[in-house]
Asks: 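Structure below; questions to follow.
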Amino acid sequence: STTASGGGAPDPNATMRVGLAIVNTQWDPALSPVTTDTPGLEMVYDRLFSQGADGSISGNLVQTWEFRGNDLVMHVRPGVKFQDGSPLDAQAVKVNLDRNRGATFPTSTLAAELSNIQSVTVTDPMTVTATLKKKDVSILPLLSSRNGMIVSAKALADKADLGTDPVGAGPWKLTSFQPGTGYTVERWDGYWNAPAVKVAKVQVSVLNSAQRLNAVRSGQLDMAILDTGQADSAKSSGLNVLASPLNTLTCFQVNNVTVPAYNDERVRQAINYAIDRPTIVKNVLAGNATPTSQIFPPTSIAFDKATPDPYPYDVAKAKALLAEAGYAGGFSFSAMFGTTPQAELEAIAGYLKAVNIDMKLVHIQGNDGVTKMWQEKSGQALFFPCNSVVDPSLAMPYFLPGNYRNPGNLTNADVTALAAQAQTIDDQAQRTSVLQRITHTISLHPLSIVPLYGNTATWVMNGSVTGFTVPPTNFWQLIGVGKSQ
Amino acid sequence: MTVGKEIPRLSVRGLQVAFRAGKDWVTVVDDVSFSVQGSEVLGLVGESGSGKSLSCLAVMGLAGDSGARIRKGSIQLDGVELVGLSERELENRRGNEIAMVFQEPMTSLNPAFTIGDQIGEVLRRHRSMPRKQARAAAIAVLDRVGIPDATRRVGAYPFEFSGGMQQRAMIAMAIACEPSVLIADEATTALDVTVQAQILDLLRDMRAQLDMAIVFVTHNMGVVADICDRVAVMYAGQIVEEADVRTLFRNPRHPYTEGLLRCTPRLSGRADRLPVIPGSTPLPAEFATGCRFGERCSYHSASCDEPVPLTLSHKDSQVRCVRSAELTLGGGVS
Amino acid sequence: MSEPSIVEISDLEVAFKVRTGRRGKRELLRAVNRASLSVGRGETVAVVGESGSGKSTMARAVLRQVALRGGTVRIDGVDVTSMRSREFRALRRKVQMVFQDPYSSLDPAMTVAESIAEPLVVHTNLNRRERHDRVAELLDVVGLSARHLDRYPYEFSGGQRQRLAIARAVALNPEAVLCDEPVSALDMSTQNQIINLLKDLQAQFGVSLLFISHDLAVVRHIAHRVAVMYLGSIVETGPAERVFSRPAHPYTKALLAAVPVPDPEVQQAGRRPSIRGDAFSGTTTAGCPFAGRCPEAMDLCREQTPPDFPVDGGGVGACWLLAEKVA
Amino acid sequence: MVRLVGRGILAMIPSLILVSIIAFSLLYLVPGDPAVGLAGESPTPGQVELIRHNLGLDRPVVEQYLHWAGNALHGDFGRSIFTTFPVSELITSRLPITVALAVAATFVAVVVGLSLGIVAATWRGRFVDRAISALSSLGVAVPAFWLGLLLVLLFSVKAHLLPSIGYVPFSQNPGGWLVHILLPAVTLAAAPGAEIARQMRAAMVGVLGNDYVRTARAKGVRRSAVVLKHALKNAAVPVVTVIGSQFSYLLGGAVIVEQIFAIPGLGSLAVTAVLDRDMPVIQAVVVIAALAVLVVNLLVDLSYGYFSPKARLR
Amino acid sequence: MSSTTTGRPAARKTTAGPAHRPVPARRRFQRRFARERLAVVAFAFLVLLVIVAIFGPWLQPYDPDQQNLSIAFSGPGGGHWLGTDQLGRDVLSRIISGTRVSLVAAAEATGVGVLIGVPIGIVCGYFSGWFDRTVMAANDAVMALPALILAIAVAGALGPGLTHSMLAIGIVFAPRLIRLVRASVLDIRHETFIEASATIGTPTLRILRKHVLPNVLSPLIVSTSLMMAWAMVAEAGLSFLGLGVQPPQASWGAMLGQGYQYTAQAPALIIYPGVAIMLSVLALNLLSDGIRDSLGRELRRK
Ligand SMILES: Nc1ncnc2c1ncn2[C@@H]1O[C@H](COP(=O)(O)OP(=O)(O)OP(=O)(O)O)[C@@H](O)[C@H]1O
Ligand SMILES: Nc1ncnc2c1ncn2[C@@H]1O[C@H](COP(=O)(O)OP(=O)(O)OP(=O)(O)O)[C@@H](O)[C@H]1O
Ligand SMILES: [Mg+2]
Ligand SMILES: [Mg+2]
């Protein structure tokens with residue numbers, strides 16, 4: 001069957017029905033446990049800044065800003081109102097930043113990411129200054145995510161139940177919420193950028209990947225996110241498929257303490273040689289990903305264009321390296337996985353098997369992976385989408401000494417030094433080149449992360465959906481997206 | 001007691017009933033003939049498995065429910081041929097013109113409905129009575145069969161009745177439509193003797209009041225002596241002897257009848273060894289072609305190996321024995 | 001008597017908790033009420049009475065299959081009432097039981113040989129060979145052949161099964177066999193065969209019998225003494241001759257009167273008056289249990305339970321009418 | 001009757017206490033620490049302990065249980081760890097959906113099962129009987145989740161006849177409710193329906209051999225009335241028992257069926273909660289589901305009194 | 001009188017001829033069973049499954065885990081009778097290797113259930129009393145817990161993996177077996193033959209072993225095969241939800257769960273494992289019906 005061809009003018013009263021794999025479990029940004037909550041929270045809350053596809057920063061609730069030494073001075077956008085009618089001012093921003101960084105709210109999940117903020121002060125009713133402990137330009141991308149979401153100060157003062165009744169300054173108001181199942185938002189006419197909102201209502205449902213595709217096929221959804229591997233299925237059903245490269249990287253991390261073989265750099269290199277990334281991408285992911293053996297995907301500013309493919313598929317070399325390291329007979333370890341589609345994992349395990357490395361796959365639930373790998377440091381390996389979403393610097397913890405996300409403390413002195421340097425550079429071009437040097441160094445001397453491919457956001461939609469794009473951060477929005485009659 | 005020439009209430013001629021065993025038929029009831037007049041009680045006696053119940057069920061048109069089929073013969077109720085009648089026609093007569101009382105009152109009453117419901121059902125079915133009226137009528141019948149406090153007991157469930165009361169209720173159900181024929185299959189066997197005596201009295205009263213013909217199945221010769229006017233003795237699916245009750249007890253014509261009477265223990269006097277009939281009843285598949293009692297019979301002779309017809313002896317008596325004329329058999333009564 | 005009775009019951013009381021009526025109220029049902037009875041060696045004592053009068057319960061109480069509420073049971077002079085079950089096991093050999101329903105008293109999953117050998121396995125240390133021989137011998141005693149050893153119960157007729165049950169009961173050469181209506185499920189001829197067999201066994205081995213039945217005519221031919229039970233109480237005992245010819249208790253009389261005589265002349269002519277109603281479960285707490293149905297009941301009968309009074313010709317009867325005669 | 005209900009409810013109490021203990025101890029059976037999950041991807045030192053304290057996880061077990069059970073008695077099952085929703089609210093929003101699904105499935109199973117069973121028993125040994133036997137054997141054998149997938153492929157994806165996912169409350173749109181509930185209900189009803197048909201047939205065949213059926217026939221009651229009145233009421237006891245015991249399987253089956261059809265009921269709540277280790281939610285779901293089963297058992301027990309008056313004595 | 005009690009018969013010589021052996025019960029059962037045509041077919045199918053499970057590694061045409069990404073989703077043909085899956089693995093080989101998983105799973109779960117259920121059930125049924133009441137109260141409670149939810153929770157608790165989830169299923173099923181066994185024991189508890197044995201003085205343990213157990217066995221066999229069927233479905237369900245076998249190991253449920261993702265491209269991927277599950281469950285059901293129907297009067301109660 002074919003879908004109705006779109007192209008007409010967007011219907012301002014339309015309801016957009018969206019299928020997702022997961023949605024945020026609650027609506028308080030300071031309690032949000034994972035970055036993937038961001039698109040949902042964004043429906044209701046606006047952020048201080050936003051980041052474009054090229055990494056450039058623009059102002060949202062902050063109209064203009066400047067760095068003064070370690071201070072970030074932000075001028076709040078005038079005339080903005082929250083959904084409860086209270087106005088946005090510098091004080092509201094301060095209250096939120098203090099809350100998010102844990103100063104007034106110890107259990108804030110954002111505290112670690114905002115730990116570089118020393119203090120926040122209101123300089124005048126519409127100006128607020130964040131004083132940083134040490135200079136770090138990545139504060140801007142950080143404040144473009146859930147860290148920079150601003151909740152109505154009035155609601156906070158009233159101790160409103162943000163988890164279920166969010167009050168933000170965003171484009172939509174939450175009208176119903178079924179945890180784990182979905183939610184509905186309706187257009188809020190007081191939004192400062194109201195003309196950009198093209199649909200009256202958004203209905204979000206949580207479904208598994210087969211259901212999402214089936215539901216778009218049977219006309220129950222307008223658009224849905226897909227597993228990358230489903231793109232061909234979707235196309236063969238005559239639907240529109242959007243495949244948009246992301247900053248995230250599918251990778252796995254190995255703990256060299258629990259997997260002693262991994263201490264040997266040659267073993268680490270061998271693993272990289274052993275995996276035929278392009279074939280996996282072509283056959284298992286329907287070509288909808290970017291194979292890479294670098295720790296940053298090509299979409300990232302930190303991608304090392306000079307040596308695009310440091311580890312081409314080469315079984316012979318992998319075997320030779322393993323033999324050199326004394327592991328010709330291979331070794332075995334188990335790798336935990338949660339949401340990564342199983343076919344990809346099995347494909348990777350299949351390649352490792354070919355060089356006698358026996359990777360057992362263990363499905364884990366909830367936060368077990370994080371707990372075992374990073375807190376108890378007892379896990380052997382973990383698959384996850386590498387967290388470099390907002391800025392490359394956020395991926396550094398995996399490689400830095402003593403960091404909690406580097407369970408085996410596998411480090412490289414050059415990388416450590418370069419990373420420290422990158423934090424303080426103002427100039428974007430100069431910073432980019434430092435970041436690329438980090439990538440290059442890690443390519444030569446692989447550390448805890450085994451990169452696999454740059455992810456792609458794959459969406460399926462019927463012909464009536466217009467204007468939808470996905471930024472590399474995967475923080476997609478429905479502002480500007482319409483549904484034609 | 002009329003032994004006249006009027007047409008019998010129930011008349012069975014040459015009845016043959018068989019079960020299907022694989023591809024073959026096993027004849028279980030063979031050439032059974034008897035008839036009963038109004039207010040007459042015909043006793044049907046014989047060992048377990050001799051085909052008494054099955055003959056009765058066949059008369060009721062219910063043999064098919066247990067998988068048996070009437071293969072031959074005629075059954076006439078008040079002159080109307082029942083064999084070959086449609087199920088619907090039979091249904092209209094059952095419980096209405098011909099009724100049946102079974103052995104185990106406990107299991108024969110539906111445990112899930114009240115006594116009143118079950119009696120009323122017959123009336124609603126055959127007399128098209130509305131529920132209320134049927135209930136009133138049920139109370140009247142219960143009263144008639146001697147259930148004390150019938151108005152209250154009508155709402156009771158079977159398990160709340162004693163065995164004797166259950167059997168009274170069964171009888172009430174059977175006579176509710178005042179049928180012309182009542183078949184009582186071992187109606188008193190499961191009861192205590194004191195209760196049995198009461199039930200026999202009740203049946204006697206009812207048959208007189210309603211001018212019913214009763215076919216009374218039992219294996220207790222004492223009960224036969226008590227209630228029956230005439231007796232038919234069955235052995236291995238056949239009637240071997242039929243006679244007036246006094247004649248049968250005094251002058252049995254068939255060796256099996258003689259054995260039956262001799263085996264019946266008596267209250268008077270004490271015997272050191274009790275008489276027995278040697279051997280055991282044959283299974284339907286093993287019925288002999290000649291006299292079926294032959295191999296257990298002490299008067300057995302070569303002539304017994306040919307099929308034996310039921311022959312009229314004196315008066316209304318019939319017997320199925322080739323040697324009946326030459327034998328002098330001892331009765332149970334001295 | 002120099003030697004104690006093989007089984008002696010005195011003042012036996014057994015009660016069950018039952019739910020009655022539509023409300024399902026819990027009530028105490030006195031199944032056996034202060035019953036006393038003894039069975040001498042080589043003697044056959046019959047217990048008669050209507051359904052539910054407590055005959056089976058009394059027999060089961062002897063073998064401690066039900067809990068006693070009061071009274072004592074002696075086997076071979078030894079009080080077994082409060083004995084530990086381990087000690088009781090030895091005495092148990094002396095008393096065995098045969099049940100009414102031949103169809104359910106043999107384990108359907110066991111062969112005849114296994115069933116009959118069970119008492120031998122439990123109580124003796126005969127080896128397999130010896131057990132086999134003994135079982136074959138027992139089959140012979142009850143008139144079956146050793147051909148049947150490996151068959152299952154379902155292959156036997158009711159009469160044959162009852163023979164098997166009897167074979168099992170006499171396997172240990174018991175001194176007494178309790179027979180709970182062993183013939184009432186059988187045809188008359190078969191019934192007579194079994195009774196003859198029991199009599200033979202008694203003549204041969206001197207075994208005592210406690211013979212439970214509701215069929216007075218059968219009892220007439222086997223019992224030396226008779227006990228009549230009504231609603232849990234033994235209302236009359238005495239030599240069989242006397243009880244049948246001159247019953248003392250009104251209930252015994254009624255019972256005898258109700259048995260139909262297999263002679264139409266007698267039965268249809270002189271039909272004797274029978275009592276009304278039926279024995280309904282024991283709700284009477286005071287007075288004679290039979291008072292409710294007794295044609296001769298007096299006020300006294302409804303107020304006080306009659307004790308046992310001696311009866312001319314032997315035995316006792318629990319009826320106030322007998323008291324007058326005595327007085 | 002009131003007494004019987006009262007007695008039944010009293011008898012449920014020990015079971016409920018045990019269920020609540022089992023449900024509560026699930027918390028200790030399941031490894032991992034919910035506080036860790038709540039702390040986000042990069043917790044600061046002490047944050048986990050603080051969350052543990054806030055959740056009361058640092059108190060003695062017995063105290064935690066009593067506190068939880070006491071609140072649960074008042075319908076307060078605490079708050080979902082991840083969604084911060086009051087659990088009772090989650091339950092009240094999900095329960096009606098599962099109840100609707102269970103009721104619809106039970107309805108389908110009972111209606112179809114009973115009729116097939118009765119038909120098969122009445123025409124025992126004939127072709128219909130054999131056909132129904134084959135069908136019910138298949139029905140018992142087909143795994144619900146597979147049947148669900150096939151139905152979706154057939155009726156939604158290929159034929160576009162029925163929706164493949166979602167749920168519309170009956171009160172909102174009865175027609176929509178019917179369309180949405182149809183496939184899930186049929187999927188869920190297949191196995192219990194087949195089982196009921198088998199049991200109904202067996203019970204009916206058994207009952208039809210009873211003496212009182214012969215009595216009814218001897219009264220002249222028509223064959224159909226004998227089956228539908230005399231036999232059915234007596235055959236009901238084993239069948240009602242089966243219906244009762246199938247209910248607990250049905251609730252289990254609902255978990256998978258709700259997953260397949262994306263129905264936001266208790267089952268999908270349970271699966272998400274198990275995957276997230278959202279203990280307050282799991283505990284509540286387990287208790288509520290068990291309560292539902294106990295209530296159904298009670299109803300079954302009470303129905304015995306109607307179908308089998310003698311059972312009232314027990 | 002004293003002389004009559006002594007002088008009991010010394011063993012008289014038996015007149016019986018040499019004992020001949022009639023057909024033993026098991027043979028009769030086999031004969032009757034042979035007449036149940038469907039059950040025989042089912043039995044043959046199950047025997048085939050067991051053979052496949054045991055000799056799977058030699059029967060499967062390919063290594064079930066051997067992937068060949070370039071031929072993913074190819075249909076039947078080209079040496080792959082049932083085609084290949086999303087990773088180009090041979091579907092037939094995977095179905096074959098999944099057979100062992102399914103059978104072992106069913107056997108494990110049933111084993112656990114029987115080990116827990118039968119002894120407790122017998123004891124409860126035979127000695128009604130406080131133990132029985134306690135166990136039955138606990139049973140009611142456990143049975144009130146929806147089996148699958150509990151299995152998911154237990155499997156989640158002990159960690160995913162076949163053995164764990166089957167242990168969970170076994171535990172969940174045990175109360176049902178306790179119930180069944182107890183009910184059948186109660187059924188025969190008051191049979192005369194039990195009392196008859198007791199009056200002989202048979203020790204309780206012997207009664208349990210010799211009379212109760214054999215008579216409980218037949219309903220037990222019937223329901224055990226039903227339980228195996230249920231365990232198979234449950235294994236499939238848990239693997240479908242990702243709580244059963246771990247990749248890349250093949251199990252029918254896991255294959256179904258994975259194939260579900262690709263229904264648009266290769267619907268056959270959910271057909272084969274589904275049919276395999278259904279046929280096995282069907283066979284177990286038919287077998288149990290057949291056994292029940294061919295238990296002769298010597299074994300069947302009532
Ligand atoms: N369903 C059946 N299939 C085959 N034979 C049967 C069936 N039912 C009964 N019979 C046989 O029919 C014969 C007659 O049985 P019937 O019940 O009429 O005997 P009966 O004289 O009433 O015996 P009883 O005194 O035991 O009631 C018996 O030999 C019995 O074995
Ligand atoms: N286990 C039991 N629980 C409750 N009541 C019982 C039990 N056993 C027997 N009774 C009751 O005790 C009374 C006496 O029963 P018992 O079986 O001893 O009578 P019986 O004289 O043997 O009767 P029958 O001739 O019917 O066998 C009856 O009312 C019976 O219902
Ligand atoms: Mg009969
Ligand atoms: Mg008795």
Side-chain angles (χ1 to χ4, degrees), chain C residues 1-3 6 40-42 60 63 65 88-93 95-101 103-111 113-115 118-119 121-123 130 132-134 136-137 139-141 145-147 149-155 165 168-169 171-173 175 178 204-206, chain E residues 1-29 184 187-207 209-219 295-302:
Chain C
M1 268 215 212
S2 55
E3 218 181 338
I6 177 66
R41 295 179 189 267
R60 297 174 66 209
L63 288 174
Q65 294 296 309
F88 181 54
R89 191 165 297 155
L91 271 177
R92 206 163 210 157
R93 295 183 61 156
V95 182
Q96 296 290 316
M97 196 151 171
V98 176
F99 295 87
Q100 165 172 9
D101 184 359
Y103 292 89
S104 68
S105 59
L106 294 169
D107 189 337
M110 272 194 177
T111 61
E114 288 171 309
S115 275
E118 185 161 47
V121 174
V122 173
H123 287 286
E130 291 163 337
H132 178 272
D133 289 348
R134 174 79 178 131
E137 178 195 328
L139 280 181
D140 186 45
V141 166
S145 104
R147 273 189 305 122
L149 278 177
D150 292 315
R151 305 250 165 119
Y152 284 87
Y154 79 95
E155 298 172 80
R168 179 172 58 179
L172 293 168
N173 293 333
E175 315 209 357
L178 313 180
Q204 209 174 343
F205 307 127
Chain E
M1 236 186 169
S2 58
S3 59
T4 48
T5 52
T6 54
R8 287 297 157 91
R12 264 198 297 156
K13 274 283 146 266
T14 168
T15 53
H20 87 287
R21 295 219 143 255
V23 189
R26 189 181 305 154
R27 279 302 306 266
R28 262 192 301 258
F29 168 78
S184 1
D187 237 21
I188 61 159
R189 167 93 182 82
H190 296 289
E191 287 282 342
T192 320
F193 71 84
I194 300 276
E195 190 179 342
S197 182
T199 59
I200 287 168
T202 311
T204 311
L205 217 63
R206 185 181 152 88
I207 293 187
R209 220 178 54 231
K210 289 280 177 177
H211 297 287
V212 176
L213 193 60
N215 281 290
V216 166
L217 218 52
S218 18
L295 285 170
R297 269 171 299 169
E298 74 271 20
L299 292 175
R300 181 166 45 195
R301 308 263 345 118
K302 187 150 177 244

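Residue numbers start from 1 in every chain, and the chains themselves are labelled A, B, ... in the order their sequence lines are given, proteins ahead of strands. As a basis for the values below, the full set of heavy atoms in this structure was taken, side chains included, without hydrogen atoms, waters or symmetry mates. Computed from a predicted model, the values in this text were never measured in an experiment.
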Asks: Verify, without hydrogens or angle tests, whether C:His123 (side chain) and C:Arg92 (backbone) share a donor-acceptor contact under 3.5 angstrom.
Replies: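 Not at all, since once roles are kept as given, no pair shorter than 3.5 Å links the two residues.
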Asks: Donor-acceptor pair, C:Arg168 side chain versus C:Glu118 backbone, under 3.5 Å?
Replies: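 No.
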Asks: Looking at C:Val98, C:Thr111, C:Val121, C:Val95, which makes the most heavy-atom pairs under 4.5 Å with chain E?
Replies: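 Heavy-atom pairs under 4.5 Å are most numerous for C:Val121.
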Asks: Indicate yes or no for a side-chain donor-acceptor contact from C:Ser115 to the backbone of C:Met110 under 3.5 Å, with no hydrogens or angles considered.
Replies: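 Checking the backbone N and O of C:Met110 against the side chain of C:Ser115, no donor-acceptor pair under 3.5 Å is found.
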Asks: Among E:Arg206, E:Glu195, E:Lys210, single out the residue with the greatest number of heavy-atom pairs under 4.5 Å to chain C.
Replies: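 Result: the option with the highest number of such pairs is E:Glu195.
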Asks: Among all residues two or more places apart in sequence or in another chain, which pass the side-chain contact (heavy atoms from CB on, under 4.5 Å) test with C:Glu130?
Replies: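 Testing C:Glu130 for side-chain contact (heavy atoms from CB on, under 4.5 Å), a comparison that skips the adjacent residues, returns C:Leu126, C:Asn127.
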Asks: By a 4.5 Å heavy-atom criterion (distance strictly below it), what part of C:Leu63 contacts chain E: side chain, backbone, both, or neither?
Replies: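 Only the side chain of C:Leu63 comes within 4.5 Å of chain E.
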